[in-house]
J.: 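The structure follows.
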Amino acid sequence: MIQTPILKPGPRQDGPHPDHAAAGRPQPSAPVVRIENLVKRYGAYVALHEIGFELKSGEVVAIIGPSGSGKSTLLRCVNQLEQPDGGCITVAGQRFEGGKEHSRAALDTLRRTVGMVFQSFNLFPHMTILRNVSIAQERVAGRSRKDAEDRAMHLLARVGLADKAGQYPARCSGGQQQRIAIARALALDPQIMLFDEPTSALDPELGLEVLAVMRELAESGMTMIVVTHEMRFAENVSDRVVVMADGRVIEEGPSRELMRDPKTERTQRFLHAVRDR
Amino acid sequence: MEALTQLARGVPWTIALTLTSFLLGALLGLGLCALRLSSSRVLRALATGAVLLLRSVPPVVWLFIIFFGIGFGYVQLPSFLAAMLGLALITAANMAEIYRGALSGVHRGQTEAAIALGLSPRHRFQDIVGPQMIRIALPSAATFAIGLLKDTSVASLIGVQDVAFQVNALAQRSFSGTGIFVIAALLYIALSLPIAALARWTDLRLRAKVAR
Ligand SMILES: Nc1ncnc2c1ncn2[C@@H]1O[C@H](COP(=O)(O)OP(=O)(O)O)[C@@H](O)[C@H]1O
Ligand SMILES: [Mg+2]
């Protein structure tokens with residue numbers, strides 16, 4: 001049975017998950033994600049120029065920057081939705097070198113370690129909400145239908161949507177859909193969660209309910225990388241902010257410091273532009 | 001009256017031929033579609049060539065080729081089998097194109113979400129992309145199936161005793177005037193109605209689930 005409280009403080013400190021132990025779960029404060037000299041090209045166009053940064057276990061990093069600066073590309077490289085052309089990404093002790101093929105097993109482990117939430121939710125429209133959250137547990141983790149559904153119900157309750165379990169995604173508001181997408185991504189007990197502009201497709205008030213779930217998740221100790229235009233989230237919830245422009249990291253630092261007193265002129269301009277909106 | 005019972009004797013053959021060739025073709029079409037989208041350039045080219053070839057030769061010519069050509073001398077395929085095979089191949093080519101169009105209608109984000117969840121390629125298709133593809137393909141597939149029902153009439157030319165065969169036989173014995181052709185026409189329409197109804201019903205049922 002799966003009894004792990006998901007959004008409660010001190011996640012999964014109670015005995016290591018067997019799979020994570022096998023993958024060499026890093027000690028707290030050791031980097032759980034390390035990105036070195038990451039390069040990604042689309043044809044001749046260089047989307048990421050030698051990006052580097054690290055993420056410690058339990059840390060929440062916000063990535064901000066103008067549209068087209070490579071934020072999504074960077075995030076998608078972390079779980080190998082995009083194959084980098086150069087550099088190296090280490091996730092939970094497992095190295096993924098750019099320009100190389102990776103074994104099925106390595107990718108499977110990676111995707112169990114890393115959960116992802118998309119801007120457009122991408123719920124499966126032909127499945128009930130319960131099924132959306134339980135399917136991968138059965139197919140990937142090999143849980144029984146009952147265990148998977150118990151766990152799914154538990155997660156849906158945590159995001160406040162247990163009453164929607166039997167319905168189809170189209171019947172839910174955007175905010176509800178995104179909360180379901182978060183529950184779906186949490187269902188395989190990831191160590192790291194990636195969010196790609198999770199509230200950009202939502203009306204502001206619907207965005208708030210999603211941000212509230214994300215804040216709770218952050219407070220529970222989840223390691224998170226969040227691409228966002230929500231400056232308040234970046235400042236108040238994340239530990240660190242990474243600013244990207246033109247495929248490069250142009251500035252990075254503790255959130256409050258960086259948001260209040262950006263060092264580079266480019267970041268200042270960007271923050272002005274966003275805040276004026 | 002006697003004419004009617006003779007016509008009715010063709011009905012099971014028409015139904016059987018439509019059903020078997022459609023089901024076989026829909027299945028083969030899935031494989032053909034997969035080949036068309038394969039990463040091997042050779043396989044892709046072969047599949048594209050096969051689709052083009054199958055679709056640009058009229059069904060009746062295919063049936064003659066299969067029935068007289070392949071059966072020539074050594075193996076004589078029974079006419080029903082030959083007709084079924086020919087129509088199934090044509091169905092496969094058409095269904096492959098219908099599937100391909102439907103696949104491009106499934107949002108790319110669906111596959112990405114499935115990959116991010118760690119679903120294997122098989123489960124990505126079986127659980128996520130396949131059902132959505134079929135839902136999109138359904139109306140075109142039904143239209144094709146109704147066309148196929150009518151096309152089965154060419155099987156009468158190689159001796160399958162379907163509705164068209166019986167009409168022809170009756171007409172040659174000058175049993176009745178134009179009346180028999182009208183009845184045959186009504187019969188084909190009647191047979192196509194359940195296909196249209198089934199497609200509509202399934203479509204509505206699926207749509208009800210995904211729509212607001
Ligand atoms: N699949 C792709 N093919 C070609 N160019 C792409 C592709 N994906 C992204 N790009 C380009 O890479 C750059 C960075 O894109 P992206 O990472 O989506 O930016 P952001 O998320 O910061 O808005 C953009 O200029 C975009 O046009
Ligand atoms: Mg983006």
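Keep in mind that the numbers below use all heavy atoms, side chains included, and drop hydrogens, waters and symmetry copies. Source: prediction; values computed, not measured.
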J.: Got more than 12 heavy atoms from elsewhere within 6.0 Å of CZ, R95(A)?
T.: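 No.
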
J.: Which residues in residues 109-124 of chain B have any heavy atom lying under 4.5 Å from a heavy atom of chain A?
T.: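 The list, in residue order, reads G109(B), Q110(B), E112(B), A113(B), A114(B), I115(B), A116(B), L117(B), G118(B), L119(B), S120(B), P121(B), H123(B).
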
J.: Between L123(A) and chain B, with a heavy-atom cut-off of 4.5 Å, which part of the residue counts as in contact: side chain, backbone, both or neither?
T.: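 When you check distances to chain B, only backbone atoms of L123(A) fall under 4.5 Å.
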
J.: Out of Q167(A), Q80(A), M127(A), R184(A), return the one with the most heavy atom pairs under 4.5 angstrom to chain B.
T.: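 Of Q167(A), Q80(A), M127(A), R184(A), R184(A) has the most heavy-atom pairs under 4.5 Å with chain B.
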
J.: Less than 4.5 Å to any heavy atom of chain B: does that hold for the side chain of V117(A), its backbone, both, or neither?
T.: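 Neither part; nothing is under 4.5 Å.
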
J.: Under the rule for salt bridge (Lys or Arg N to Asp or Glu O under 4.0 Å), what residues qualify as partners of D127(B), not counting sequence neighbours?
T.: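 In terms of salt bridge (Lys or Arg N to Asp or Glu O under 4.0 Å), with neighbours along the sequence ignored, D127(B) is linked to R139(A).
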
J.: Under 4.5 Å from any heavy atom of chain B, what part of R104(A) do you find: side chain, backbone, both or neither?
T.: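 The answer is the side chain of R104(A).
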
J.: Near E101(A) CD, under 6.0 Å, is it more than 12 heavy atoms from other residues, nucleotides or ligands?
T.: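 Incorrect, the count does not exceed 12.
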
J.: Evaluate whether atom CH2 of W62(B) has more than 12 neighbouring non-hydrogen atoms of other residues, nucleotides or ligands under 6.0 angstrom away.
T.: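 More than 12 within 6.0 Å, yes.
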
J.: Take a 6.0 Å sphere around CZ of R200(B) and say whether it holds more than 12 heavy atoms from other residues, nucleotides or ligands.
T.: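 Atom CZ in R200(B) is not crowded, with 12 or fewer foreign heavy atoms closer than 6.0 Å.
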
J.: Given heavy-atom pairs under 4.5 angstrom as the criterion, report whether the side chain, backbone, both or neither of F124(A) touches chain B.
T.: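 Contact with chain B involves both backbone and side-chain atoms of F124(A).
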
